[in-house]
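In what follows, chains are A, B, ... by sequence order, proteins preceding strands, each numbered from 1.
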There are 2 protein chains.
Amino acid sequence: MKLNTKSRYAVMALADMSKFPINNPVSLRDISLRQSISLLYLEQIFLKLKKNEIVKSVRGSNGGYVLKRDPKNIKLSEIFQAVDQKVKTVGCKKDSKKGCNGKSVKCITHELWDELDIYINNFFENKNLSDLLMTKERKN
Amino acid sequence: MKLNTKSRYAVMALADMSKFPINNPVSLRDISLRQSISLLYLEQIFLKLKKNEIVKSVRGSNGGYVLKRDPKNIKLSEIFQAVDQKVKTVGCKKDSKKGCNGKSVKCITHELWDELDIYINNFFENKNLSDLLMTKERKN
DNA sequence: ATATACCCGACTAAAATAGTCAAGTATTAC
DNA sequence: GTAATACTTGACTATTTTAGTCGGGTATAT
Ligand code: FES
Ligand code: FES
């Protein structure tokens, strides 16, 4: 079970952004420098975040990206979904009747993995961007 | 976040075994047939389970593998550890002071991923093989 | 004009995954 | 004692996924 960089960077970049005044465009170049994330990779990530209505873009010089909603209303689960990164614990197709073994019944561990799936998604569902900021403030 | 087949099969195979009398050797061939898992792959997995004292082997004809402990005392976390599959949510080295970005401080999301790590491991820590059987019995 | 910064699809090297293969050894059944 | 069963071990490989990069745009502020 490994978290990939795309999800990790997406959250990292948005967390970086949410430290700035809400209507102030933050350029990817700045995020790239502050967080040491490849600019080209960030561009790829932000196109998806934009398509999924998490940020909006301000083109041209002095432009950048702006959070489309209050950090309080941006759940981690939305961010993950935006960058196409799903939790996948079962071996079978989720909405098929077939099992991971090709048989017509679900395997003996299917329920367990399903439970794990819900459990993990719960974590992302119950965290939002502002939760992140708060832990940070406590520390600094 | 994806669960790999090695962990999935390991648990599946052990769940299969634990349906049989505790001292009755179960051959990998049988598990392979019942659960539709490649025999050669199972062999690889069981060597690790054996090295980690989860099962013991009975060689020769009518041989197979036997659970070394009561299913109640085999936690999923042990199984995962045995097959070398760790949860990895952070980008940095866990016991290094350095961040995932190469800097000398942990990144702004480090705490979050750490929390997620603990959260997921908790799931595995609090489930044992016999829990699996029980959900199955309820259903059948 | 020109510099800045987003836009977008295609491409690729490297790593991880999901197995397979070959060549054994030990034990039991006949 | 020989055949059959079943575990043992290390190496090897195809496929997939990941983690980016590249090239050639377009829009806007100064
Ligand atoms: S994981 Fe769903 S059938 Fe095995
Ligand atoms: S995840 Fe640990 S420093 Fe970024």
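Atom pair B/K56:NZ and D/dA6:P shows a separation of 19 Å (rounding to whole Å applied). When the C1' atom of D/dT8 is taken as reference, atom NZ of B/K48 falls 14 Å away, rounded to whole Å. In this structure, A/K88 places its NZ atom 12 Å from P of D/dT18, rounding to the nearest Å. One can place CG of A/D84 at 14 Å from C1' of D/dT17, the figure rounded to the nearest angstrom. Rounding to whole angstrom units, CG of residue B/L49 and P of D/dT9 are separated by 14 Å. Separating the CZ atom of A/R59 from the P atom of D/dA27 is a distance of 6 Å, rounded to the nearest angstrom. Whole-Å rounding puts the B/L47 CG to D/dT9 P distance at 6 Å. At whole-Å resolution of the value, OH in B/Y41 and C1' in D/dT13 are 14 Å apart.
Nearest-nucleotide positions on DNA chain C for A/E43 and B/Y9 put A/E43 closer to the 5' end.
In this structure, B/K50 reaches the D/dT8 phosphate: one of its side-chain N or O atoms is under 4.0 Å from OP1 or OP2. Proximity of A/S38 to the phosphate of D/dT21: a side-chain N or O atom is located under 4.0 Å from OP1 or OP2.
Separating the NZ atom in B/K48 from the CD1 atom in B/I54 is a distance of 12.0 Å, to the nearest 0.5 Å.
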Might you work through the salt bridge (Lys or Arg N to Asp or Glu O under 4.0 Å) test for A/K106 and A/E111, ending with a clear yes or no? CA-CA 8 Å; A/K106 295 293 184 182; A/E111 272 184 69; over 6 Å; no

B/E43 and B/K50: salt bridge (Lys or Arg N to Asp or Glu O under 4.0 Å), yes or no, with the steps? CA-CA 10 Å; B/E43 289 187 337; B/K50 189 195 164 195; over 6 Å; no

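Counting only heavy atoms from C-beta outward, the side chains of A/L14 and A/V55 approach each other to under 4.5 Å. Counting heavy atoms from C-beta on, the side chains of A/V26 and A/Y65 never come closer than 4.5 Å.
The nucleotide whose nearest atom lies closest to any side-chain atom of A/N4 is, among D/dA4, D/dA19, D/dC7, D/dA19. Side-chain atoms of A/S61 lie closest to D/dA29 of the nucleotides D/dA29, D/dT9, D/dA4.
From the 5' end on, the contacts that DNA chain C makes with chain B at under 4.0 Å to a non-hydrogen atom open and close at C/dA18 to C/dA29.
The base of D/dT9 is not paired with the side chain of B/Q44 by any donor and acceptor separated by under 3.5 Å.
Side-chain contact annotation: A/Y41 with A/S32, donor-acceptor N/O pair under 3.5 Å absent.
Among the protein residues, B/F46 comes within range of no part of the nucleic acid, since none of its heavy atoms lies under 4.0 Å from any strand.
The aromatic rings of B/F80 and A/W113 lie perpendicular to each other, with more than 60° between the two planes, well past the 30° mark.
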